[in-house]
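If you read the sequence from its start, that first residue is 1, and numbering goes on from there.
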Amino acid sequence: MSKTILNPPSLPKPSGFSHGIVTEGGRLLFLAGQPGLDASGKIAAPDDLVAQFTQALANIKTVVEAAGGQMTDIVKLTFYVRDRDDYKAHLKPLGAAYRAFFGGYYPATTLVEVSNLFDDGALIEIDGMAVVAV
């Protein structure tokens, strides 16, 4: 499986994401939306966006590893947040949590503010796609 990150110089320089990724070979893994739920199905940290973000990424990591992949096999993420301003206010700790899972790797990413999420108390939900080696 090969992967090429695309950040054309005619677009604004990305920070914390890539504009696109082209893959060849591998298996496509679709990642369902993961809120910050712990193994018991409860919100891991009510009212704590960074802790819920960290738990959501841990849940995604579990799925990717179950498919035989690693976090750097993820090519697309979508972050659904209840409050965009709250997300922006926590960029530094969110970035630190992100790098703990991905290092300096950045998939194509979208942030969407939504009025609510399925799980009561959820502040964020993350879904995505990965390309895992055959």
Side-chain angles (χ1 to χ4, degrees):
M1 194 251 317
S2 68
K3 179 172 43 179
T4 304
I5 294 174
L6 301 173
N7 288 314
S10 60
L11 295 176
K13 183 179 179 184
S15 177
F17 69 96
S18 294
H19 285 291
I21 298 177
V22 175
T23 66
E24 190 172 322
R27 297 174 295 135
L28 191 57
L29 170 63
F30 295 91
L31 300 161
Q34 296 293 324
L37 296 178
D38 62 20
S40 71
K42 295 184 187 241
I43 293 294
D47 301 319
D48 187 336
L49 175 63
V50 176
Q52 288 188 30
F53 178 79
T54 302
Q55 181 66 55
L57 288 178
N59 295 346
I60 285 174
K61 182 179 181 187
T62 298
V63 176
V64 171
E65 289 178 348
Q70 54 192 357
M71 292 297 276
T72 54
D73 292 329
I74 294 173
V75 295
K76 176 69 172 105
L77 289 173
T78 303
F79 300 157
Y80 302 93
V81 297
R82 293 283 317 278
D83 185 338
R84 178 197 64 132
D85 293 336
D86 187 35
Y87 184 91
K88 290 176 83 173
H90 290 91
L91 284 178
K92 285 189 180 188
L94 289 166
Y98 176 92
R99 287 185 298 281
F101 287 92
F102 289 97
Y105 173 74
Y106 298 101
T109 305
T110 303
L111 176 78
V112 180
E113 182 180 52
V114 297
S115 63
N116 216 340
L117 295 163
F118 183 80
D119 295 287
D120 292 336
L123 302 175
I124 189 164
E125 188 165 322
I126 305 170
D127 72 12
M129 289 182 280
V131 179
V132 180
V134 178

Any donor-acceptor N/O pair, Arg27 side chain to Ala67 backbone, under 3.5 Å: yes

Lys76 side chain near Thr109 side chain, heavy-atom distance below 4.5 Å: no

Linked, directly or transitively: Leu123 and Phe101 (ILVMFWY side chains, under 4.5 Å): yes

Heavy-atom pair of closest approach, residues Pro107 and Tyr98: CD-OH, 2.9 Å

Close side-chain approach of Leu37 and Gln52, heavy atoms under 4.5 Å: no

Taking every non-hydrogen atom, the tightest pair across Asp119 and Pro35: OD2-CG, 3.3 Å

Beyond-backbone contact of Met129 with Leu29, side-chain heavy atoms, under 4.5 angstrom: no

For Ile60, all residues meeting side chain to side chain contact (heavy atoms under 4.5 Å, CB included), sequence neighbours excluded: Leu31, Gln34, Val64, Met71, Ile74, Leu77, Ile126

Please list every donor-acceptor pair under 3.5 Å in which a side-chain atom of residues 6-26 meets a protein atom from a residue at least two apart or in another chain.
unit_1: Asn7; atom_1: OD1; unit_2: His19; atom_2: N; d: 2.8
unit_1: Ser18; atom_1: OG; unit_2: Tyr106; atom_2: O; d: 2.5
unit_1: His19; atom_1: NE2; unit_2: Pro12; atom_2: O; d: 2.8

Thr72 vs Lys3, side chain to side chain donor-acceptor pair (under 3.5 Å): CA-CA, chis, key distance, verdict: CA-CA 10 Å; Thr72 54; Lys3 179 172 43 179; 4.9 Å; no

Side chain to side chain, Val114 and Val112, heavy atoms closer than 4.5 Å: yes

Qualifying ring pair (Phe, Tyr, Trp, His ring centres under 6.0 Å) pairs with a residue from residues 27-51, counting only residues at least two apart or across chains: none

Exercise answer: donor-acceptor pairs, residues 39-49 side-chain atoms, under 3.5 Å, sequence neighbours excluded:
unit_1: Ser40; atom_1: OG; unit_2: Asp38; atom_2: OD1; d: 2.6
unit_1: Asp48; atom_1: OD1; unit_2: Val50; atom_2: N; d: 3.2
unit_1: Asp48; atom_1: OD1; unit_2: Ala51; atom_2: N; d: 3.0

Ring pair (Phe, Tyr, Trp, His ring centres under 6.0 Å) contacts in which one or both residues fall within residues 63-84, not counting sequence neighbours: Phe53-Phe79

Contact list for residues 108-134, test ring pair (Phe, Tyr, Trp, His ring centres under 6.0 Å), sequence neighbours left out: none

Residue list, salt bridge (Lys or Arg N to Asp or Glu O under 4.0 Å) with Glu65, at least two apart or on another chain: Lys61

Residues in ring-ring contact (aromatic ring centres under 6.0 Å, His included) contact with Tyr87, at least two apart in sequence or another chain: none

Within residues 83-107 or reaching into it, pairs that qualify as salt bridge (charged side-chain N to carboxylate O under 4.0 Å, His left out) - sequence neighbours excluded: none

